[in-house]
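I have placed the structure first, in the form of structure tokens, so that the comments after it can refer back to it.
Values reported hereafter were calculated over all heavy atoms of this structure, with side chains retained and with hydrogens, waters and symmetry mates removed.
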Amino acid sequence: MGLPKLLTPVIDAHAALRGPYTAGGAIIRAVVPTALAIAPDLVERHDLEIRTVAPEFRATIPIGRETLFHQIPDAERTRVHSRLRTARIAHGIADFLNEYLRRLNTGSAALVLENVDQADATDRELIAILLRRFDPSLLSLLLCTRTSIEGWPQAEIIEGNTDAAPLGAEDSGDLAARLVASDGTCDDPQALRAYEQLEASERARLHDARADELVTGDWSWRLGAIPYHRERGTDPDAAVTALAAAQDHCFALAFHEACVDLGRRGRARTEPGGGSWWRFTRQMALSLALLGQGEQSEALYDEAYAASADPAVHRVAGYEIAMLYTRHHDPKRHDHMRAMASINAAIAVASLLPDPQDRAFYEIFYQNGKALIELRLGNRAGALRLVDEGIARMDRELPSDRHLLDRCTLLSNRARLLAVLGDTVEALRAYDALLTVDPDYAEYHFDRANLLRSAGQDEAALAAYDIAIRLGPPFPEMYFNRAVLHQAHGDACAALRDLGRVLELEPGYVDAYVNRAGLRTMIGDDDGAADDIRTGLSVDPGNPHLICVRGQLAAAAGDVEQARCDFDTALAAEPGLAAALAGRAALAEAHGDPTAAVRDLTRALAAGEDAALLYNRAVAHRSAGQLAEARTDIAHALTLAPDDPDILQLRVELESAD
């Protein structure tokens with residue numbers, strides 16, 4: 001089979017080598033040196049994603065984006081990243097490679113990845129995104145596996161043993177040593193037999209030697225191999241230490257599937273109820289919660305309750321169970337009163353801590369969690385009071401250079417609560433204070449942009465969205481919200497560009513199909529709109545907004561029956577959908593039923609004042625002979641859009657009518 005020139009040497013994606021981003025890191029290590037030479041600005045623009053998949057580059061590439069999280073001691077990195085973060089990192093890597101290949105300008109390239117069926121979840125996610133997003137004329141992927149992979153129809157998959165050649169009939173000791181040196185990736189039957197026939201002490205010695213080699217070698221992180229060898233070596237404590245270090249790293253960077261796996265392995269090597277066991281259990285439970293597996297997470301906390309009488313275990317588990325019942329569980333299982341009982345128990349235990357600073361910190365931290373529960377119970381003012389008290393107490397009782405991320409969490413929650421309470425001015429001041437502490441965290445800029453947008457400060461909101469997009473790894477909501485603003489200000493090209501970006505990142509983002517189909521209809525791109533409607537309905541078959549746009553297209557094409565059917569179908573699903581009511585009203589007006597048009601337009605206006613709807617109802621009133629009502633509507637429309645020429649013309653016509 002012919003392939004384009006290889007972008008990198010053949011890459012082994014087996015997770016036993018480096019754990020998360022074994023393949024992604026290998027790709028980055030291969031291309032970044034050249035990228036630094038030909039496109040240093042590109043490397044700097046994607047420094048965050050590069051450092052995530054290949055952390056050793058932290059010392060050698062320019063750092064353009066670095067949040068507070070990366071500037072403080074590991075022990076204070078309390079920010080918990082969502083399960084969506086790895087997808088954002090993967091999209092950033094895809095953007096980097098796409099632009100890199102275009103600048104390299106050497107034609108089509110290929111990536112060959114082996115053992116893809118054994119890859120970590122982060123690499124599987126990255127590979128799936130590369131398969132979906134890359135034009136094969138720019139980059140081809142050849143995936144070599146021992147088993148088929150569901151969900152990757154675009155992939156060219158070679159099944160079977162992908163080793164270049166059998167190991168041969170060497171001395172059994174050499175075969176076993178070669179298996180150990182493969183870091184658990186070799187499945188040659190001869191080597192496996194030789195390995196199994198070794199004395200247990202000799203196997204352990206080989207694993208010890210390999211682990212020592214990896215630790216002291218040139219590799220900064222071997223999250224797959226080092227724990228693998230330590231688990232099979234002679235020192236149980238070294239195994240626990242290696243597993244714990246790997247789990248800490250994975251949790252901090254949102255490699256949650258790997259964190260769960262390392263937690264299981266660590267728990268198996270530690271005594272239930274002990275400190276190390278609890279550490280593995282807690283991070284495993286947190287990752288399960290963030291992966292949407294709340295029931296399994298809660299079961300681990302219950303196990304910890306039963307296994308330990310340590311107040312710290314009961315304090316932490318109480319807080320985290322409260323968060324399960326108010327945030328992480330499936331919404332059908334939310335129980336805010338149970339959450340309140342659990343967090344009050346955690347606060348009670350925290351109040352008994354002997355160290356005054358520890359006591360203050362944990363009480364503040366848990367009261368902040370309680371504020372979320374109060375918000376979910378509808379007590380917004382009470383939630384804000386708890387957060388304000390926490391900020392004041394932290395300033396009063398704790399050193400100013402400690403717990404910086406937790407200070408950010410409090411300030412962020414204060415800003416959000418002020419926004420919910422409608423105090424936009426104070427909420428913006430809270431965001432300004434927050435951004436002086438952590439100025440490069442994209443999500444704070446995104447939240448601030450959303451607030452500015454809701455306050456009608458569109459120009460400032462656009463600038464804030466631009467900053468958020470520049471600072472963070474890409475995610476679709478940023479582009480979608482900016483597209484809405486562009487469309488509101490008549491910049492169809494910018495809106496279409498952003499909506500296209502949304503769908504590049506998330507092909508199932510139905511609202512983007514809705515908005516783009518509507519926008520394409522407005523600019524006369526009926527074929528493009530029809531494509532968006534078909535694709536969007538394949539994702540969400542009953543979406544009333546897409547069906548409404550389909551009705552608008554049918555009406556424009558003169559297919560009255562299809563248009564009416566679509567508007568009726570959309571309204572059956574969403575009775576107050578203004579666009580469908582307006583579309584059906586236009587059909588009624590055009591076909592001699594102004595009374596029905598007035599009725600539908602009145603229903604549409606119940607959702608809020610709109611100059612165009614008032615204009616249309618005035619036209620319908622005039623057709624029905626209701627001139628007084630028509631004049632009232634057009635006068636109201638003029639207050640909303642005083643310079644609209646159609647409204648001004650209709651007012652003149654109505655004033656001169658008998």
**Asked** Salt bridge or not for R65 and E49, using N-O below 4.0 Å?
**Response** yes
**Prompt:** Without hydrogens or angle criteria, can the side chains of E459 and H489 be said to hold a donor-acceptor pair below 3.5 Å?
**Reply:** no
**Request:** For the residue pair H545 and E574, establish whether any side-chain heavy-atom pair is separated by less than 4.5 Å.
**Result:** yes
**Request:** May I ask you to decide if H329's main-chain N or O and H334's side chain share a donor-acceptor pair within less than 3.5 Å?
**Result:** yes
**Asked** Taking everything shown except Q296 itself, do over 12 heavy atoms lie less than 6.0 Å from its CD?
**Response** yes
**Asked** So, R124 side chain and A119 main chain: donor-acceptor pair closer than 3.5 Å or not?
**Response** yes
**Request:** Flag the pair R85 / F255 as yes when at least one side-chain heavy-atom distance between them is below 4.5 Å, and no otherwise.
**Result:** no
**Asked** Between atom CD1 of I89 and atom NE2 of H46, what is the distance when rounded to the nearest 0.5 Å?
**Response** 11.0 Å
**Prompt:** Should the heavy atoms of other residues, nucleotides or ligands under 6.0 Å from CD of E655 be counted, would the total exceed 12?
**Reply:** yes
**Message:** Looking at T409, is its backbone amide N or carbonyl O close enough to the side chain of S412 to form a donor-acceptor pair, meaning the two atoms are under 3.5 Å apart?
**Reply:** no
**Prompt:** Between R631 (side chain) and L654 (backbone), is there a donor-acceptor pair under 3.5 Å?
**Reply:** yes
**Message:** In the structure I gave you, are the side-chain heavy atoms of Q293 and S297 within less than 4.5 Å of one another anywhere?
**Reply:** no
**Item:** Sidechain N-carboxylate O distance under 4.0 Å for E426, R429
**Value:** yes
**Student check: side-chain heavy atoms of L130 and L97 closer than 4.5 Å** = yes
**Message:** Ignoring hydrogens, what is the shortest heavy-atom contact between T52 and L253? Give both atom names and the distance.
**Reply:** O-CD1, 4.4 Å
**Asked** Would you say R376's side chain and T326's backbone share a donor-acceptor pair under 3.5 angstrom?
**Response** yes
**Asked** Aromatic rings Y100 and F96: how do their planes relate, parallel, tilted or perpendicular, breaks at 30° and 60°?
**Response** parallel
**Asked** Is there side-chain contact between V53 and L126, with heavy atoms separated by less than 4.5 Å?
**Response** no
**Message:** Do R482 and D466 have side chains that approach each other closer than 4.5 Å (heavy atoms only, starting at C-beta)?
**Reply:** yes
**Prompt:** Going by distance alone, is a donor N or O of one side chain under 3.5 Å from an acceptor N or O of the other, for H91 and R133?
**Reply:** yes
**Message:** Could you measure the distance from the CZ atom of R338 to the NE2 atom of H336? Nearest 0.5 Å is fine.
**Reply:** 13.5 Å
**Asked** Any ion pair linking E374 and R385 (charged N to carboxylate O, less than 4.0 Å)?
**Response** no
**Item:** Point-to-point distance, once rounded to the nearest 0.5 Å, from CG of L499 to NE2 of H486
**Value:** 10.0 Å
**Prompt:** Where the side chain of N368 meets the backbone of V387, is there a donor-acceptor pair that is under 3.5 Å apart?
**Reply:** no
**Item:** Straight-line distance of Y21 OH to I93 CD1, nearest 0.5 Å
**Value:** 7.5 Å
**Request:** Tell me whether the guanidinium CZ or amine NZ of R448 lies under 6.0 angstrom from the six-membered ring centre of Y431 and within 45° of its axis.
**Result:** no
**Prompt:** What distance do L577 atom CG and L581 atom CG have between them, rounded to the nearest 0.5 Å?
**Reply:** 7.0 Å
**Test applied, salt bridge (charged side-chain N to carboxylate O under 4.0 Å, His left out); reference residue, D447; option that passes from R453, R416, R414** = R416
**Asked** Relative to the ring of F446, is the ring of F475 parallel (under 30°), tilted (30 to 60°) or perpendicular (over 60°)?
**Response** perpendicular
**Prompt:** Do T86 and E125 get their side chains close enough for a donor-acceptor pair, meaning under 3.5 Å?
**Reply:** yes
**Asked** Got a donor-acceptor contact below 3.5 angstrom from the D600 side chain to the R584 backbone?
**Response** no
**Request:** Would you mind checking if D531 and R516 are paired as a salt bridge, meaning a charged N to carboxylate O distance below 4.0 Å?
**Result:** no
**Asked** Would you say Y509's side chain and E504's backbone share a donor-acceptor pair under 3.5 angstrom?
**Response** no
**Prompt:** Does the side chain of E320 come under 3.5 Å of the side chain of H328 through a donor N or O and an acceptor N or O?
**Reply:** no
**Request:** Take F134 and L101, measure what side-chain contact (heavy atoms from CB on, under 4.5 Å) needs, and give me the verdict at the end.
**Result:** CA-CA 11 Å; F134 267 84; L101 287 169; 4.0 Å; yes
**Request:** With the side chain counted from C-beta on, respond yes when R102 and L138 share a heavy-atom pair under 4.5 Å apart, and no when they do not.
**Result:** yes
**Request:** For the pair E443 and R79, find out whether any cationic side-chain nitrogen is under 4.0 Å from an anionic carboxylate oxygen.
**Result:** no
**Asked** Any side-chain heavy atom of H621 within less than 4.5 Å of one from L627?
**Response** no
**Complete:** CD (E589) and OG1 (T595) are apart, to the nearest 0.5 Å, by 10.0 Å
**Message:** Please check this pair: side chain of S454 against backbone of L451, looking for a donor-acceptor N/O pair closer than 3.5 Å.
**Reply:** yes
